[in-house]
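Below is one structure, written out as structure tokens; the observations come after it.
Residue numbers count from 1 along this sequence. As the structure lists them, so they are numbered: ligands from 1, and atoms in each ligand from 1. Quick note: numbers below take in every heavy atom, side chains included, and nothing from hydrogens, waters or symmetry partners. Since the model is a prediction, treat every value here as computed from it, not as a measurement.
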Amino acid sequence: MHQAKTKASAEALLALDRAHAWHPYGSISAQQPLFPVRSASGCRIKLADGRELVDGMASWWSAIHGYNHPALNAAIGEQLTDMAHVMFGGLTHEPAARLCATLAALTPTGLDRVFLSDSGSVSVEVAIKMALQFQQARGKPEKHRLLALRGGYHGDTLGAMSVCDPVTGMHQLFANTLPQQLFAEKPRCRFGQPATDADMANITNLIKQHHHEMAAVIIEPIVQGAGGMYFYSADYLAKLHAVCQQYDVLLIADEVATGFGRTGKLFACEHAGISPDILCLGKALTGGMMTLAATLCTDIIARTICDHAPGAFMHGPTFMGNPLACATALCSIELLLQSDWPANIQRIAQQLQQGLAPAADIVGVADVRTLGAIGVIELEQPVDMMQWQPALVDAGVWVRPFGKLVYVMPPYIISNDELDRLCHAMVSVTRQQLEQR
Ligand SMILES: *Cc1c(COP(=O)(O)O)cnc(C)c1O
């Protein structure tokens with residue numbers, strides 16, 4: 001009886017969804033497989049049909065402490081008894097003020113001013129506006145363009161889209177609307193390798209040629225995420241930072257995906273020992289509980305903007321500094337810092353490396369790579385989601401491939417057994433899918 005009722009309600013839910021909801025990058029015509037979730041706890045996602053999946057996605061890099069964590073739940077509950085939200089214009093409160101101070105202290109030196117917003121894309125918009133307003137304030141309005149890397153991803157809003165990869169991004173579709181930015185080749189030197197003069201030549205030349213019209217360079221440090229799950233040289237990043245300084249161009253580090261330990265350092269910039277001028281944070285900021293993002297900048301940038309007309313930074317989201325989100329972020333950061341997270345990321349890194357290695361021998365696999373708590377199987381051809389997604393679910397894991405990439409970045413609390421299941425499922429489904437063709 002209970003089974004039947006559950007099944008019917010899952011079907012009803014699917015029907016409602018199919019009738020009215022839109023999903024990320026979704027088509028309402030070509031329907032993709034869709035799995036109703038009943039609940040999620042720890043590193044497990046429980047489907048409405050009773051199946052339990054080991055989670056390899058951390059809900060797009062964010063749920064680093066897993067789901068339904070008692071401390072995070074309690075942090076929201078406690079804040080709720082004070083207030084869910086008040087406007088941040090003219091008012092302040094402990095969660096926001098403490099969070100800004102905490103982020104300033106944790107991030108690379110010099111990033112002392114924090115602008116809170118609602119999502120990673122908005123944190124990138126804010127970063128771009130900071131760079132532009134800074135250049136205007138110091139009397140260099142001609143420095144208004146950005147330079148980004150091919151293969152990058154910075155979000156889905158218009159400004160952020162303009163700096164995403166020009167081929168895989170949405171430039172063609174919105175070409176008449178998007179600002180025309182500059183693009184450097186994707187770094188060829190991989191993580192762990194030095195960056196030679198040849199590796200630096202393209203981006204250095206672009207900066208040399210265009211610095212007079214360039215406000216900032218924006219990059220994802222070390223890991224290009226949604227644009228290709230690609231890991232590049234820390235030496236490249238360090239050298240790029242030096243070139244930016246030499247030519248009076250700001251460096252914006254988009255750590256929306258890499259922030260909070262994912263790559264083995266608290267922030268990926270630390271691999272190169274650099275402090276960017278502007279830093280974007282999001283995704284794991286609240287441990288995947290609430291939507292919140294932050295853009296940090298140096299004191300010089302903040303003061304220059306505010307000491308010139310119009311005398312303020314021109315941005316102000318309605319839900320800025322949402323107390324529930326800020327209290328949750330403080331709790332998530334405390335949970336992370338209390339744990340021996342470097343050793344834990346190391347543990348996950350080793351298991352991913354060992355567990356995914358057998359995939360390298362499968363015909364049709366182009367590359368297998370890992371860095372920190374990120375594991376990637378890159379294929380020669382894009383996956384067919386109609387086939388792959390159900391096969392992965394049948395194998396007991398929640399892994400969501402895109403394009404040629406079958407990848408995971410699991411919650412940090414994942415056990416060795418669960419990691420084993422995850423890697424085993426990824427390799428066996430890859431083998432099964434590629435050998436079928
Ligand atoms: C996900 C992501 C964004 C966009 O964040 P949203 O919260 O989806 O708006 C921006 N930059 C990077 C590097 C990301 O991975």
Quiz item: With the threshold set at 4.0 Å, does a side-chain nitrogen-carboxylate oxygen contact exist between Lys46 and Asp55?
Solution: no

Quiz item: Is the Phe115 ring parallel, tilted or perpendicular to the Phe313 ring (thresholds 30°, 60°)?
Solution: perpendicular

Practice problem: Dump the intermediate steps for salt bridge (Lys or Arg N to Asp or Glu O under 4.0 Å) on Lys143 and Glu213, then the final yes or no. | Solution: CA-CA 4 Å; Lys143 284 169 84 77; Glu213 57 165 345; over 6 Å; no

Self-check item: Interatomic distance, Met409 atom CE to Ser62 atom OG [nearest 0.5 angstrom]
Solution: 8.5 Å

Self-check item: Salt-bridge contact Lys404-Glu378 (side-chain N to carboxylate O under 4.0 Å)
Solution: no

Self-check item: Summary of ring-ring contact (aromatic ring centres under 6.0 Å, His included) pairs that have at least one residue in residues 323-345, sequence neighbours excluded
Solution: none

Quiz item: Under a 4.0 Å heavy-atom cut-off, which residues neighbour ligand 1?
Solution: Ser119, Gly120, Ser121, Tyr153, His154, Gly155, Glu220, Asp254, Val256, Ala257, Lys283

